[in-house]
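Residue numbers start from 1 in every chain, and the chains themselves are labelled A, B, ... in the order their sequence lines are given, proteins ahead of strands.
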Amino acid sequence: MTTIRLHNTKTRRKEDFVPINPDNVRMYVCGPTVYDRAHLGNARPVIVFDVLYRLLRHVYGADHVTYVRNFTDVDDKINARAAESGRSIGDITAETTQWFLDDMAAIGALEPDAMPRATQYIGQMITMIEDLIAKDHAYEKEGHVLFRVRSYAQYGALSGRSVDDMIAGARVEVAPFKEDPMDFVLWKPSSDDLPGWPSPWGRGRPGWHIECSAMAHDLLGTHFDIHGGGNDLMFPHHENEIAQSRCAGHEFANVWMHNEMLQVEGKKMSKSLGNFFTVRDLLDQGVPGEVIRFVMLSTHYRKPMDWTERKREEAAMTLKTWFRSTDGIKPVSPPPPQIIDALSNDINSHLVFSKLHELHSNGDYTALKAGLRLLGFPDAEKLDWFRGDQEMASFDNLTKESGALFPYLVEWQRLRNSRNYVEADALKARIEAIGIKLSIGPAGPNAEPTEAFDPAKLELLK
RNA sequence: GGCGAGUUGGCGGAGUGGUUACGCAGCGGAUUGCAAAUCCGCGUACAGGAGUUCGAUUCUCCUACUCGCCUCCA
C-alpha cells in the first residue's frame, strides 16, 4: 500500500501517515464563517484538503474516509452583518452557506461527508463546557465561561509559544474578569437583540473555538487522524481547540496540517488591507474554476502563494494543452504510480504537475487524463468553456457569436486560395486585432478567441 | 517586542550531501505561402559570510532581506 507522508505541524516534520483505523480514516478541516462570499484565500485550504481527501480515498477506499468541514454560523461578524443590513441572521447564513458550496463546487471541490453547522451543536458545546468546569479547567465569571489556560501545561506547543512570552508581547486588551490574560471565552452572555441559547450560565452563545472541539468529537470521536486549516488558525484557534479537547479527555487529532496564506501582489489577502476579492468575482470575470484550481495547486501548500494575472494565463494555457490531448481519451486505471508518489509526498501538487508535463510530452495521454482526474480536474469532454473554445475554433461549427466572423473567414480563405497573400495577411491582421487567433486546420481556417476577445469588437471589422 | 516560515536561472516553481527538475518566456531548427498549433534542440541557478565534510545549493552558525502569527481573517 502507498505510504502517505504528511508534514505534521505538531512535530514540525514530515511523517509517515499511519491511520488509527485504515477502515475509517478521519479528517476535520476548519470551514468558513458564513457571513459573505468566500474570498480567494478561503479557497486554498478547500482545494488543498480536497486533494488530500481524494488521495486518502484513493489509497484507503472511498468508503473508508470521513471528511468533516464545519460551517460557523454563530459569530459576531454575522451579528454585525445582520444589524447593518437589517436582514435576519438565518437568511444571511443560509444564503452565504449556499454561495460557499456553489463556489467551491465550481473549483472542483468534493463535498465533505459531513458539514455540521455550529448552531446545530449548541447542546454538545454546553455539555463539553460543563465538563471542563467540573474538571476545573474552566470557570464562570460575570456570565462568561472562560478556559483556564494555565490548567493545560502544554498550551502553546502547537504554535511554539509559551504563555509567558505571549503575555509579554501581548497587545490585547484584557477583560477584567479573566484570571489570566490568555484565558479565552467558551461561553458569553447575549443581550436580547443577539442570538442566544439557554445555558447553566444564562442566555448566551458559544465562543468561537469550542464549536470545532464539540463537533469533531461528536462526528469523529475522541481520537481522529487529521485536523487541518489555514496557518493563521494555528494560534489561537487550534491551540485553544487542543487545550479544550485534551482537558475534556479527548485524544483529539494525530496530525495537524496547515496551509500557508494566499497573497496578492506579495501581500496577504486580508480585510484590513482591503486587497481581497472573491472566488465569485473571478468566476464572473470568466476565469474557469479549473484555472483557479490549477493556480492554487501550482504552489506547494506550505508555501505562500502569490495570485498573479500571469499565473492565471499560464494555467489556462497549460490546461488547454492538456485538455486538447486528453479530449476523447479513456484514462488508465489506476492512475500512474509517479502521480500517486508525488501526491503522497506531503501533497506535492507542483511535482505532480511536472509529472503530468512529462506524461504529456511522452504522449501518454491515458495516464495524463487519469492524473488530472485524481487531482480533481474534470474531463475535457465535460468542460463547457473548453468545448466552447474548441467549437469556435472549428470552421464547420461556428457558434452564434462567432457567426458574424464567418464571412471574414470565408474571405480570408478565398484570398489565400487565390494566393493573394498581401490582402490575406492584411485581413488576418485585422481579425487578430480584435482578439481572435487565426490558424489553418485540415478543414480550413480556425478561429479561436483569446483572452482579449470581446464579441462587441466584431463591429470593428466592418 | 515575542514566536514562526522563507530567500533557487528572465519569470514561476520542485528537489537533492557529489550526476540536466519541470513549466513559461527567449533563442535556433523542422513543418507552414507567412503564421498558429505541433515536434526537436539550447540555458548549468541555488541571498551574503563563516564552519562541518574528500565534496554543500542541500547540514550548522551568523548577517541581510521578505513574509506570516501575536487583532477580524483560511
Side-chain angles (χ1 to χ4, degrees), chain A residues 9 12 29-33 35-36 38-49 69 72 75-77 80 156 158-173 182 208 228-239 258-263 266-273 276 294-295 297-306 308 310-311 313-315 317-318 320-321 324-325 342 345-346 348-358 360-361 363 393 415-422 424-425 428-429 432 436-442 445-448 450:
Chain A
T9 309
R12 295 179 195 287
V29 174
C30 289
T33 302
Y35 64 104
D36 207 345
H39 68 252
L40 191 59
N42 294 113
R44 196 171 187 195
V46 172
I47 291 175
V48 165
F49 291 104
R69 187 184 62 213
T72 299
D75 183 276
D76 288 345
K77 288 189 295 290
L158 181 72
S159 51
R161 299 151 197 254
S162 78
V163 174
D164 293 321
D165 285 347
M166 284 185 287
I167 291 169
R171 286 185 274 152
V172 198
E173 207 175 312
M182 298 312 295
W208 172 35
N231 77 353
D232 57 340
L233 295 182
M234 211 159 90
F235 184 88
H237 186 54
H238 289 162
E239 206 73 73
H258 293 95
N259 61 277
E260 251 291 354
M261 296 294 99
L262 179 110
Q263 310 190 333
K267 288 282 184 192
K268 179 185 163 184
M269 203 185 221
S270 80
K271 289 166 194 169
S272 48
L273 289 175
F276 75 98
F294 186 102
V295 173
L297 293 176
S298 65
T299 298
H300 186 81
Y301 77 92
R302 280 192 291 113
K303 291 207 171 171
M305 198 213 81
D306 210 2
T308 63
R310 178 153 178 197
K311 282 187 187 173
E313 285 169 9
E314 281 191 19
M317 215 166 16
T318 303
K320 267 191 204 177
T321 305
R324 227 175 262 140
S325 56
N345 184 5
D346 197 26
N348 196 336
S349 51
H350 183 87
L351 191 59
V352 173
F353 283 155
S354 81
K355 300 294 177 194
L356 293 179
H357 276 296
E358 209 171 274
H360 178 262
S361 60
L415 291 167
R416 291 181 67 251
N417 287 342
S418 61
R419 308 190 72 83
N420 189 346
Y421 294 124
V422 175
D425 288 353
K428 181 187 180 194
E432 290 190 330
I436 297 288
K437 198 162 70 182
L438 283 188
S439 58
I440 300 151
N446 287 344
E448 188 173 358
T450 68

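- Side-chain atoms of A:His258 do not come within 3.5 Å of backbone N or O of A:Gly229 as any donor-acceptor pair.
- Pair assignment for B:C73: none, as no Watson-Crick or G-U wobble contacts are both less than 3.5 Å.
- Contact check for A:Arg69 versus A:Val46: side-chain heavy atoms found under the 4.5 Å cut-off.
- In a base pair of the Watson-Crick type (N1 to N3 plus N6-O4 or O6-N4) or a G-U wobble (N1-O2 and O6-N3), with each distance short of 3.5 Å, B:C34 is matched with no nucleotide.
- Closest approach to the A:Arg416 side chain among B:C70, B:C34, B:G4 is made by B:C34 (side chain taken as heavy atoms from C-beta onward).
- Going from atom CD of A:Glu358 over to atom P of B:G23 covers 9 Å, rounded to whole Å.
- Distances were taken from every side-chain heavy atom of A:Lys77 (C-beta onward) to each of B:C72, B:G33, B:C70; the shortest belongs to B:C72.
- With B:A37, B:C24, B:C73 as the choices, the nucleotide that has an atom nearest any side-chain atom of A:Asp75 turns out to be B:C73.
- When atom types are taken as modelled, the side chain of A:Arg12 and the backbone of A:Leu158 share a donor-acceptor pair closer than 3.5 angstrom.
- For B:U57, there is no paired nucleotide, since no Watson-Crick or G-U wobble pair has both relevant distances below 3.5 Å.
- When heavy atoms are screened at a 4.0 angstrom cut-off, A:Met261 is found touching base atoms of the nucleic acid.
- Taking atom NZ of A:Lys428 as the reference point, atom P of B:A36 lies 8 Å away to the nearest angstrom.
- Across all strands shown, nothing is found opposite B:G9 as a Watson-Crick or G-U wobble partner with both distances under 3.5 Å.
- B:U57 and B:G23 have their P atoms separated by 25 Å, given to the nearest Å.
- Checked against B:C24, B:G68, B:C70, the side chain of A:Asn231 finds its nearest nucleotide in B:G68.
- Contact annotation for A:Arg161: base contact, defined as any heavy-atom pair under 4.0 Å involving a base atom.
- Nearest heavy-atom pair across A:Asp306 and A:Lys311 is O-NZ, 2.8 Å.
- Within the nucleic acid shown, A:Gly41 comes within 4.0 Å of at least one base atom, counting heavy atoms only.
- The nucleotide B:A47 finds its pairing partner in B:U63, both defining distances of the Watson-Crick or G-U wobble pair being shorter than 3.5 Å.
- Protein atom CG of A:Leu233 is 16 Å distant from nucleotide atom C1' of B:G4, rounded to whole Å.
- Taking the P atom of each, B:C24 and B:U63 are spaced 41 Å apart, rounded to whole Å.
- Comparing the C1' positions of B:G10 and B:C42 gives an interatomic distance of 16 Å, to the nearest angstrom.
- Counting only heavy atoms from C-beta outward, the side chains of A:Tyr301 and A:Ile47 never approach each other to under 4.5 Å.
- Minimum heavy-atom separation, A:His300 to A:Asp346: CE1-O, 2.8 Å.
- One interatomic measurement links the two molecules: CD of A:Gln263 to C1' of B:C73, which rounds to 14 Å at whole-angstrom precision.
- Rounded to an integer number of Å, the gap from A:Leu158 CG to B:A5 P is 13 Å.
- Side-chain atoms of A:Asp425 come within donor-acceptor range of the base of B:G33, with a qualifying N/O pair under 3.5 Å.
- If you check every strand for non-hydrogen atoms under 4.0 Å, A:Tyr421 touches a base.
- Whole-Å rounding puts the A:Arg419 CZ to B:C34 P distance at 10 Å.
- Straight-line distance between the C1' atoms of B:A56 and B:G15: roughly 14 Å, to the nearest whole Å.
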- Message: Using side-chain contact (heavy atoms from CB on, under 4.5 Å), reason through A:Met305 and A:Asn259 one step at a time and then give a plain yes or no.
- Response: CA-CA 10 Å; A:Met305 198 213 81; A:Asn259 61 277; over 6 Å; no
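- Judged by atom type and distance alone, A:His39 reaches the base of B:A74 through a side-chain donor-acceptor pair under 3.5 Å.
- In this structure, B:U20 forms no base pair with any nucleotide, since neither Watson-Crick nor G-U wobble geometry is met with both distances under 3.5 Å.
- Applying the Watson-Crick and G-U wobble criteria (two distances, each under 3.5 Å), B:G68 pairs with B:C3.
- For B:U52, there is no paired base (Watson-Crick or G-U wobble, both distances below 3.5 Å).
- Comparing the same atom, P, in B:C61 and in B:U19 gives a spacing of 24 Å after rounding to whole Å.
- Looking at every heavy atom in both residues, A:Met234 comes nearest to A:Ser159 through CE-CA, 3.8 Å.
- Computed from coordinates, the A:Leu40 CG to B:C73 C1' distance equals 14 Å when rounded to whole Å.
- The CG atom of A:Leu415 sits 14 Å away from the C1' atom of B:C34 (whole-angstrom rounding).
- Inter-residue side-chain proximity for A:Met182 and A:Pro236 is flagged as unmet; no heavy-atom pair is nearer than 4.5 Å.
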Give me the distances for all protein-to-nucleotides 11-15 of chain B N/O pairs that come in under 3.5 Å?
from: B:G12; atom 1: O3'; to: A:Lys311; atom 2: NZ; distance (Å): 3.3
from: B:G13; atom 1: OP1; to: A:Thr299; atom 2: OG1; distance (Å): 3.4
from: B:G13; atom 1: OP1; to: A:Lys311; atom 2: NZ; distance (Å): 2.9
from: B:G13; atom 1: O2'; to: A:His350; atom 2: ND1; distance (Å): 3.4
from: B:G13; atom 1: O2'; to: A:His350; atom 2: NE2; distance (Å): 2.8
from: B:A14; atom 1: OP1; to: A:His300; atom 2: N; distance (Å): 2.7
from: B:A14; atom 1: O3'; to: A:Asn348; atom 2: ND2; distance (Å): 3.0
from: B:G15; atom 1: OP1; to: A:Asn348; atom 2: ND2; distance (Å): 3.0

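- Put simply, the side chain of A:Asn42 gets close to the backbone of A:His39: a donor and an acceptor are under 3.5 Å apart.
- Taking the P atoms as reference points, B:A45 lies 15 Å from B:U8, given to the whole Å.
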